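Beneath this line is the structure, given in structure tokens, with notes to follow.
Every value quoted in this text rests on a predicted model; they were computed, and no experiment measured them.
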Amino acid sequence: MNVVKADVENCSYGIILYDNVYKDYSPKGKNILTLAISQGYDHWKEYEEEYLKGKKTAYKKEKEGMAYILIKRAEKALLPGLSKTNEIMEIGFSLTNMRYTGNYRCAVYGRDQTLDNSMPRRMPITTPIKNLYLARAWTQPGGGYGGVIGSGLMCFAEIMKYW
Ligand SMILES: Cc1cc2nc3c(=O)[nH]c(=O)nc-3n(C[C@H](O)[C@H](O)[C@H](O)COP(=O)(O)OP(=O)(O)OC[C@H]3O[C@@H](n4cnc5c(N)ncnc54)[C@H](O)[C@@H]3O)c2cc1C
């Protein structure tokens, strides 16, 4: 529920350190750290209209406030001094994702993955329009990395069938 309500004070969050996976990911002597949370979209709805018009003052204040809370939480739980070592900060929330991916309400997994909207029951890859195919989280078989790789492969198979 804290996630759905975008309650950054109390929601669970992840700390991702890519340098642990890829050697030399960050410049020497530096680290790139990601603090990640999931959020429901409703909290951002009130900012959406102004955001899309490029008027972002209230939105920026809100997202910076949330980022600061997360940094403080990580600082307290795991990384003392984090807020003082920060040189560059990029903040992205649901509206950012919506802008870059075009996903309605930042639905990163596409439409609800319910039983009656998954696998063969999801929107098909083929369309009634000749040469128009759809491959993405919104289409068969579903969202997430595994889903969209499958979607791409299925789309390729459909195109080859036609050829
Ligand atoms: C923070 C985060 C963490 C996630 N973690 C996981 C995870 O752990 N496991 C998991 O399975 N899934 C995870 N997901 C979900 C997963 O990333 C998505 O379901 C998947 O990437 C969707 O793939 P897609 O091809 O539908 O869309 P996208 O990956 O969004 O790709 C669409 C592409 O189209 C481009 N585009 C948009 N509009 C245009 C245009 N007009 N012209 C040209 N290009 C355009 C976009 O820039 C983008 O590159 C996560 C998502 C997020 C945001």
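The line from CG of N2 to CG of D7 is 4.5 Å long, rounded to the nearest 0.5 Å. The CG atom of D19 lies 3.0 Å from the OG atom of S26; values are rounded to the nearest 0.5 Å. Here the straight-line distance linking atom OH of Y47 with atom CZ of F93 works out to 11.0 Å at 0.5 Å rounding.
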List the atom pairs, with distances to 0.1 Å, where a side-chain N or O of residues 34-41 and a protein N or O form a donor-acceptor pair under 3.5 Å, not counting sequence neighbours.
{"residue": "Q39", "atom": "OE1", "partner": "W44", "partner atom": "NE1", "Å": "2.8"}
{"residue": "Y41", "atom": "OH", "partner": "E48", "partner atom": "OE1", "Å": "2.5"}

Review item, side-chain donor-acceptor pairs of residues 66-78, under 3.5 Å, at least two apart:
{"residue": "K72", "atom": "NZ", "partner": "E75", "partner atom": "OE1", "Å": "3.0"}
{"residue": "R73", "atom": "NH1", "partner": "V8", "partner atom": "O", "Å": "2.6"}
{"residue": "R73", "atom": "NH1", "partner": "E9", "partner atom": "O", "Å": "3.4"}
{"residue": "R73", "atom": "NH1", "partner": "C11", "partner atom": "O", "Å": "2.7"}
{"residue": "R73", "atom": "NH2", "partner": "C11", "partner atom": "O", "Å": "2.9"}
{"residue": "E75", "atom": "OE1", "partner": "S83", "partner atom": "OG", "Å": "3.4"}
{"residue": "E75", "atom": "OE2", "partner": "L82", "partner atom": "N", "Å": "3.1"}
{"residue": "E75", "atom": "OE2", "partner": "S83", "partner atom": "N", "Å": "2.9"}
{"residue": "E75", "atom": "OE2", "partner": "S83", "partner atom": "OG", "Å": "2.7"}

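Shown here is R105, whose CZ atom has more than 12 heavy atoms of other residues, nucleotides or ligands within 6.0 Å. By the neighbour-count criterion of 12 heavy atoms within 6.0 Å, atom CG of L132 is densely surrounded, having more than that number from other residues, nucleotides or ligands. Around the CZ atom of R99, the shell of radius 6.0 Å holds more than 12 heavy atoms that belong to other residues, nucleotides or ligands.
Taking N97 as the reference, T101 meet the side chain to side chain donor-acceptor pair (under 3.5 Å) condition, with sequence neighbours excluded. Qualifying side chain to side chain donor-acceptor pair (under 3.5 Å) partners for K53, counting only residues two or more places apart in sequence or in other chains: E49. Partners of N131 by side-chain contact (heavy atoms from CB on, under 4.5 Å), not counting sequence neighbours, listed by chain and number: Y162. Among residues two or more places apart in sequence or in another chain, the side-chain contact (heavy atoms from CB on, under 4.5 Å) test is passed with K5 by M1. The ring-ring contact (aromatic ring centres under 6.0 Å, His included) test applied to Y51 returns Y59, not counting sequence neighbours. T114 pairs by the side-chain contact (heavy atoms from CB on, under 4.5 Å) definition with D112, D116, N117, not counting sequence neighbours. Qualifying side-chain contact (heavy atoms from CB on, under 4.5 Å) partners for A137, counting only residues two or more places apart in sequence or in other chains: V148.
Legend: salt bridge (charged side-chain N to carboxylate O under 4.0 Å, His left out) pairs involving residues 126-136, not counting sequence neighbours: none detected. Sequence neighbours left out, the pairs with a member in residues 85-95 that pass side chain to side chain donor-acceptor pair (under 3.5 Å) are K30-E87. Pairs engaging residues 151-163 under the salt bridge (charged side-chain N to carboxylate O under 4.0 Å, His left out) rule: E158-K161 [sequence neighbours left out].
The residue from I32, N31, L79 that alone fulfils the side chain to side chain contact (heavy atoms under 4.5 Å, CB included) condition with L17 is N31.
Within the 3.5 Å criterion, the main-chain N or O of E50 finds no donor-acceptor partner in the side chain of K56. Remark: the backbone N or O of R111 is paired with a side-chain donor or acceptor of R122 at under 3.5 angstrom. With hydrogens and angles disregarded, a donor-acceptor distance shorter than 3.5 Å links the side chain of Q140 to the backbone of P120.
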